[in-house]
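Have a look at the structure below before the remarks.
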Protein chains: 2
Amino acid sequence: MPIPSAAHAPSAIELADEPDALALERQVCFALTVASRGVVQAYRPVLEPLGLSHPQYLVMLALWGSSPLSLTELSRSLRADPATLSPLVKRLEAAGLVTRGRRAADERTLDIALTADGAALRERALAVPGTMAERLGLDLAQLEQLHVLMTTLIGAVDRAQEAQHREPGEHPGE
Amino acid sequence: MPIPSAAHAPSAIELADEPDALALERQVCFALTVASRGVVQAYRPVLEPLGLSHPQYLVMLALWGSSPLSLTELSRSLRADPATLSPLVKRLEAAGLVTRGRRAADERTLDIALTADGAALRERALAVPGTMAERLGLDLAQLEQLHVLMTTLIGAVDRAQEAQHREPGEHPGE
DNA sequence: GGCATATGCTTAGTGTACGAACCATCCGCC
DNA sequence: GGCGGATGGTTCGTACACTAAGCATATGCC
């Protein structure tokens, strides 16, 4: 998934006669993972006073939006694996921010709900988005463009995954 | 780091008083991490025949660009932690794709070089970018826009981190 | 009722990520 | 020639992320 070596002049390595499709700095997937790790990293000092990691922050965001959520509902909202969330939520429980209990109507379902502390933490979290926007120094247009593009990308991934599931073998279309 | 709810958002970045500034689906950091995970996920079936994980693929890309690289050089190219790369490179060595050896001129330095198998793998990897672009169905304009935005974001993260390091305390700037 | 299947969650195993502590080698410099 | 700090890697502990397997409850269908 490299970008085309279009008009702009690339930086370091290439300069070769033929455009190298495998040049590291042209891989969009590379830039994407580096940016993602970097942004999560930038959240760290801001979330640390709240006692939250970035994935934990996302779980709290979901719960602040709607408090009793089953693990599966949480998993769908966050697009995360239940196997990942299960221990993560346990750590939030150990931190006193959420409770975990079986739903009476269906004993398989695990209801995850905010504690008073967890709900109260929202007040302190209100400052996080502004702080991050200020730290990263991105203007609203860039943020919006970023959000649109990420949403597009997520849609593309979804479609690719669907196609993958529809054709595990390689029989021709139709 | 939420996006504004409308085009005529408040002039300042001050979104904290918006009731749903913490709405999950407005968090750019959420979209970013989901997109990143999703794209890496989409690479999985394509890289699996090559026997590579996505981070391993990035290491191979770097080595295909320049073969003997020290761990530190690799770390800088990939913007990854040496502590992360160290075991990762060992797994590549176990797979027979690279060799690890101390540099004669400086016994501290670990030279990581392609084996014949590792170099040969590049031929098969040449198809990866095209396959991925096709799978995700993104046009060149989107890819380029994505790359530009990710690069901008990485730059923003770098500046934020620098500022963080320059002011570990909280004395006002200047 | 009772069994096969589906659903919801958990656990185990592997592979990143990252901070922190550790060790070895190198370098400047007296 | 030897000491102190800097540099390059490794290891450890914790936390995700994901696949696969396991377990319990629920549901459909006879």
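Lettering of chains follows the sequences in order, A, B, ..., and the numbering in each one begins at 1. Computed over heavy atoms, backbone and side chain alike; hydrogens, waters and symmetry mates excluded.
Residues Ala125(B) and Leu22(A) come closest through the heavy atom pair O-CD2, 3.7 Å. The two residues Met150(B) and Ala35(A) have their closest heavy-atom pair at SD-CB, 3.7 Å.
Between Leu32(B) and Leu153(B) the shortest side-chain heavy-atom distance falls below 4.5 Å. In this structure, Val46(B) and Arg135(B) have side chains that are in contact, with non-hydrogen atoms separated by less than 4.5 Å. Counting heavy atoms from C-beta outward, Arg91(A) and Gln56(A) have side chains that approach closer than 4.5 Å.
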Walk me through whether Leu114(B) and Leu97(B) qualify under side chain to side chain contact (heavy atoms under 4.5 Å, CB included).
CA-CA 6 Å; Leu114(B) 291 171; Leu97(B) 298 177; over 6 Å; no
With salt bridge (Lys or Arg N to Asp or Glu O under 4.0 Å) as the test, would you mind laying out the steps for Arg37(A) and Asp81(B) before giving the verdict?
CA-CA 11 Å; Arg37(A) 279 195 282 111; Asp81(B) 210 284; over 6 Å; no
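Running 5' to 3' along DNA chain D, contacts with non-hydrogen atoms of chain A at under 4.0 Å begin and end at dA15(D) to dA26(D).
Rounded to an integer number of Å, the gap from Arg76(A) CZ to dT7(C) C1' is 10 Å. Rounded to an integer number of Å, the gap from CG of Leu85(B) to P of dT16(C) is 10 Å. As a whole-Å value, the separation of Arg91(A) CZ from dT10(C) P is 13 Å. If you take CD of Glu48(B) and C1' of dT14(C), they are 15 Å apart, rounded to a whole angstrom.
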Produce a footprint string for nucleotides 17-28 of chain C: one letter per nucleotide, 5' end first; B if the base is under 4.0 Å from any protein heavy atom, S if only the sugar-phosphate is, - if neither.
BBBB----BS--
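Between Arg102(A) and Glu107(A) no salt bridge is recorded (no basic side-chain N to carboxylate O distance below 4.0 Å). Looking at Arg122(B) and Asp117(B), no side-chain N of the basic residue comes within less than 4.0 Å of a carboxylate O on the acidic one, giving no salt bridge.
For Lys90(A), a side-chain nitrogen or oxygen approaches OP1 or OP2 of dT11(C) to under 4.0 Å.
Taken to the nearest 0.5 Å, the CG atom of Leu61(A) stands 8.5 Å off from the CG atom of Leu78(A).
Residue Glu134(B) places its CD atom among 12 or fewer non-hydrogen atoms of other residues, nucleotides or ligands, all under 6.0 Å distant.
DNA chain D lies under 4.0 Å from no heavy atom of any residue of residues 66-75 of chain A.
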